[in-house]
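Here the structure comes first, spelled out in structure tokens, and everything after it is commentary.
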Amino acid sequence: MTLGTAAAGIVHAGGGTYNIGFNGNDETQFSAYDLAELLDLWIEFCEENLFQTNSVDYVERVEDEI
């Protein structure tokens, strides 16, 4: 699925760190202010690594450590 679909209700403005699972068994992590920035980072990552941008399995927010 697309990142926008997988991130619905999970990514919010204000900053955060997110794990993105893709291609069935791969995962990467990005810190982004909002969905637009996360999308930019994802697209750049996919272009550099020759992945399809619609290969997202899940998006999860990483809890901040206190």
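Once rounded to the nearest 0.5 Å, the distance linking CD of E47 with CH2 of W42 reads 12.0 Å.
Side-chain contact between V11 and V59 is present, with heavy atoms from C-beta onward closer than 4.5 Å.
Of the possible polar contacts, one joining the E37 side chain to the Y33 backbone as a donor-acceptor pair under 3.5 Å is found.
Among all heavy-atom pairs drawn from L41 and A32, the shortest one is CD1-CB, 4.1 Å. A pairwise comparison of heavy atoms in L3 and L38 identifies CD2-O, 3.8 Å as the closest pair. A pairwise comparison of heavy atoms in I10 and Y18 identifies O-CE2, 3.9 Å as the closest pair.
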Discussion item. Is there a side chain to side chain contact (heavy atoms under 4.5 Å, CB included) between T53 and T2? Walk through the geometry before answering.
Written reply: CA-CA 7 Å; T53 57; T2 66; over 6 Å; no

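For CD of Q29, the number of neighbouring non-hydrogen atoms (other residues, nucleotides, ligands) closer than 6.0 Å is greater than 12.
Exactly one of T28, D26, D57 qualifies for a side-chain contact (heavy atoms from CB on, under 4.5 Å) with I20. That residue is T28.
For F51, the side chain to side chain contact (heavy atoms under 4.5 Å, CB included) partners two or more places apart in sequence, or in a different chain, are F22, N23, F45, C46, N49. Residues meeting the side chain to side chain contact (heavy atoms under 4.5 Å, CB included) test with A36, sequence neighbours left out: D34.
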